[in-house]
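Let me begin by presenting the structure, written as structure tokens, before commenting on it.
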Amino acid sequence: MADFFFHTTPGQLLLIVLETLAVLVPLLLGVAYLTLAERKVMAAMQLRKGPNVNGPFGVLQAFADAIKMLTKETVIPSGANRMLFLFAPFLTFSLAMVAWAVIPTGNGLAIANINVGVLYLLAISSLGVYGILIAGWASNSKYAFLGGLRSAAQMVSYEVSIGLVIVSVLLAVGSLNLNDIVLAQRNVWFCLPMFPMFIVFFISALAETNRAPFDLPEGESELVAGFFVEYSALAFGLFFLGEYANMFLMSGMVSILFLGGWLPPLGIAPFTWIPGPLWLIAKILFCLFVFIWVRATFPRYRYDQLMRLGWKVFLPFSLAWMVLSAGFLMVTGLLPGGAG
Amino acid sequence: MMTQIVFYVFAAVLVLSATMVVCARNPVHSVLFLILAFFNAAGLFLIAGAEFLAMTLVIVYVGAVAVLFLFVVMMLDVNFAQMREGVQRYAPIGGVVGGVLLVELIMAFTHWRVASNIGQIRHLVPSSPERTNTAALGDVLYTHYIFLFQSCALVLLVAMIGAIVLTLRDRPTGRRQDIDRQHDRTPADSLEMLQVPLGAGVAAQGGFLRPHTSYDVASVPGSYGTEAWREQGEEEETQTALVIIPPAAGTKGQDDA
């Protein structure tokens, strides 16, 4: 059996398919239930009940929503660029999925354990802007277009600080491999020594996923619904799922870069009994809870405030921190890698 | 075998999409084909084992440069009829430039040979197979080519500052949020209670709830947003008068106010 999977071509291909399914099926289920969890958690924070009709505690609400979306009519506005209009949601959704190929759920447990894993994640997350930009343009609607433009500016701005935060983490690790990044946190998770960067990264992740309080590309109050105002049915559903899958991805990145990935908080008995993937899932769920918590708490930023925060606060701060941590590691001799 | 098939797929799509960049009628489609071309180039880098270059290509060109490209092209108001007229006028010049480039390329490729001093740059090759090519690139860039690398960075910095200097204009009508000023404001220096006779409305105030100065920004010296205002703001807090008229002011409410 093992021989079939590891040493024959069809077996290896089948193994890749199975590995992919093992990641995607829980992910998609998680995405479906995140939409429900968001409504439930926000309802609890606002002293409401949230969805409670379909099934016990409303647990079937996610499926009810899915069936509703599948059976609705897809409306393509006249004057829209038909092909790009339909391509945009698929792009957004599939990009949120392919990034999971490199996320390690245990020591060496990733579909692709590549040397430049962090760069791959950065590349994929920087592509997310295209789905939104194309959707905004192809809709042939001014609200959608404005939403798309806002999003392009926003995501490019916050990517800069995300990049610099990742560089400071990489300085302490000495490798671009996600597996190595987690293993480097065996003694202490990076969220403690790099606490300010952890916060900057988390806030940038909010902006990168277009979540409240940075959900200006959608901006209901001024742009109706922003870039996906013209979308309906399955196409809208794909955008919706893509956005939530991106939240999962960003939470995964936070967990791996700062919260020690699959590692337990302490390497002693009761913690080590729980398997690694469960720790990673727990950390991702914690981050997602904070995403929702933030949404229920803060009002939306004004656009110039958003840009000010990104360029005038986060960029100089993360740059300064990067130089500072490089200097600190150099002086204390903790800099990994060494001369090659 | 597998690698060769993948190579030809990437190469074919790359050449096709590069052609479509030039041929596509719609400039937005051109940019999207350009992105596809970048992607396939990144794929070719991956096949060659240059994983760092592949990822950098995607992050820098697709993730940042092409986004701004698309951003600008989408906002352009392109007249397609006008563009087609232009094609006939500029075709000869374009043809000459293309022809010269083609001849140069042919000359370059027919005289292609490996440098005789190849042995001297052997140190650029990663010392061991365990050394990842990111680390190997760093070994070379930050040691033998550190000055060239830094000068590249300086050139980019100059270009960036130049772009900012050329485009950053301080428009007199532009309004800017000054958070410190906002926090320093108190009701005492920003509110003024006026007594308006009943039924006369704001006509008695000259038709404005606020003084004229706060409306016509550019023309009045010392008003909000002008150069004089900024200088004044540094020395002392200007009195921007916001007048709140309570309902039925001037009759019975004046004592309460």
Side-chain angles (χ1 to χ4, degrees), chain A residues 9 12-13 81 83-84 87-88 91 95 102 112 114-130 132-134 136-138 145-146 148-157 159-160 162-163 166 170 174-177 180 302-305 307-308 312 336-340, chain B residues 1-2 25-29 31-36 38-39 42 45-46 49-76 123 126-128 130-140 142-143 164 174-179:
Chain A
T9 312
Q12 281 167 344
L13 289 177
N81 191 316
M83 217 183 76
L84 287 179
F87 171 67
L91 183 71
L95 280 177
V102 295
I114 57 174
N115 284 330
V116 286
V118 172
L119 290 181
Y120 176 83
L121 278 183
L122 202 60
I124 296 294
S125 70
S126 69
L127 292 179
V129 66
Y130 282 108
I132 294 170
L133 205 52
I134 292 172
W137 181 78
F145 187 53
L146 280 173
L149 291 183
R150 277 185 179 190
S151 146
Q154 174 177 332
M155 291 174 86
V156 169
S157 308
E159 234 149 62
V160 180
I162 282 192
I166 289 179
L170 294 182
S175 165
L176 294 173
N177 189 318
D180 294 348
R302 209 174 56 212
Y303 197 71
D304 63 313
Q305 291 172 330
M307 283 295 156
R308 183 179 159 275
K312 291 187 178 172
Chain B
M1 182 59 197
M2 192 69 190
R25 285 271 164 86
N26 192 329
V28 172
H29 292 178
V31 178
L32 292 175
F33 276 115
L34 183 67
I35 293 162
L36 187 62
F38 282 144
F39 252 110
F45 272 131
L46 270 186
E51 50 196 21
F52 181 77
L53 282 182
M55 291 303 156
T56 318
L57 187 70
V58 174
I59 292 172
V60 174
Y61 282 93
V62 183
V65 174
V67 170
L68 299 179
F69 243 60
L70 200 60
F71 199 96
V72 172
V73 169
M74 278 180 176
M75 286 199 286
L76 284 180
H123 60 264
S127 46
S128 68
E130 289 96 62
R131 199 91 179 126
T132 63
N133 76 52
T134 312
L137 253 168
D139 289 345
V140 177
Y142 290 100
T143 51
I164 293 172
R175 296 197 160 186
R176 195 165 291 169
Q177 184 181 24
D178 187 341
I179 293 170

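Chain naming here is simple, since letters A, B, ... match the order of the sequence lines and numbering starts at 1 in each. Computed from a prediction, not measured in an experiment: that's the story for all the values here.
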Over 12 foreign heavy atoms within 6.0 Å of [atom1], [X]:
X	atom1	answer
F38(B)	CZ	yes
F69(B)	CZ	no
F87(A)	CZ	no

Using the rule given for side-chain contact (heavy atoms from CB on, under 4.5 Å), can you reason through L84(A) versus H29(B), listing the C-alpha separation, both sets of side-chain angles and the distance that settles it, and then say yes or no? CA-CA 9 Å; L84(A) 287 179; H29(B) 292 178; 3.7 Å; yes
Heavy atoms only: give me the nearest [X]-[Y] pair and the separation to one decimal.
X	Y	result
W137(A)	M74(B)	CB-CE, 3.2 Å
V67(B)	A152(A)	CG1-CB, 4.2 Å
G63(B)	S126(A)	CA-OG, 3.6 Å
V58(B)	A123(A)	CG1-CB, 3.6 Å

After noting the C-alpha distance and the side-chain angles of N81(A) and V28(B), does the key distance pass the side-chain contact (heavy atoms from CB on, under 4.5 Å) rule? CA-CA 11 Å; N81(A) 191 316; V28(B) 172; over 6 Å; no
CA sep, side-chain torsions, deciding dist, call: F39(B), L127(A), side-chain contact (heavy atoms from CB on, under 4.5 Å): CA-CA 11 Å; F39(B) 252 110; L127(A) 292 179; 3.2 Å; yes
Can you say whether L57(B) sits under 4.5 Å from chain A via the side chain, the backbone, both, or neither, judging by heavy atoms?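 Contact with chain A involves no heavy atom of L57(B) at all.
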Can you list the residues that meet the salt bridge (charged side-chain N to carboxylate O under 4.0 Å, His left out) rule with R308(A), with sequence neighbours excluded?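 With neighbours one apart ignored, the set is empty.
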Test item: Y130(A) side-chain N/O and V62(B) main-chain N/O as donor-acceptor pair under 3.5 Å: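 Checked: pair present.
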Interface residue of largest heavy-atom contact number with chain A, from I35(B), L68(B), T143(B), under 4.5 Å: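 It is I35(B).
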Heavy-atom pairs under 4.5 Å with chain A, option from A64(B), A54(B), A42(B), A66(B) with the top count: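 Maximum pair count with chain A is reached by A66(B).
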Hey, does F52(B) have a side-chain heavy atom less than 4.5 Å from the side chain of L176(A)?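 A side-chain contact under 4.5 Å exists here.
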Does L149(A) reach the side chain of M75(B), with side-chain heavy atoms less than 4.5 Å apart?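 With C-beta onward as the side chain, the pair touches.
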Taking side chain as everything from C-beta outward and backbone as N, CA, C, O, which of these in L133(A) sits under 4.5 Å from a heavy atom of chain B? Side chain, backbone, both or neither.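 Its backbone and side chain both get close to chain B.
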Looking only at heavy atoms and a cut-off of under 4.5 Å, which of M155(A), Q305(A), R302(A), E159(A) has the most pairs with chain B?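 Option with the greatest count: R302(A).
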Counting heavy-atom pairs under 4.5 Å with chain B, which one of I134(A), D304(A), L119(A) comes out on top?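 Option with the top pair count is L119(A).
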Can you tell me how far apart CE (M55(B)) and CG (L121(A)) are? Round to the nearest 0.5 Å.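 Result: 9.5 Å between the selected atoms.
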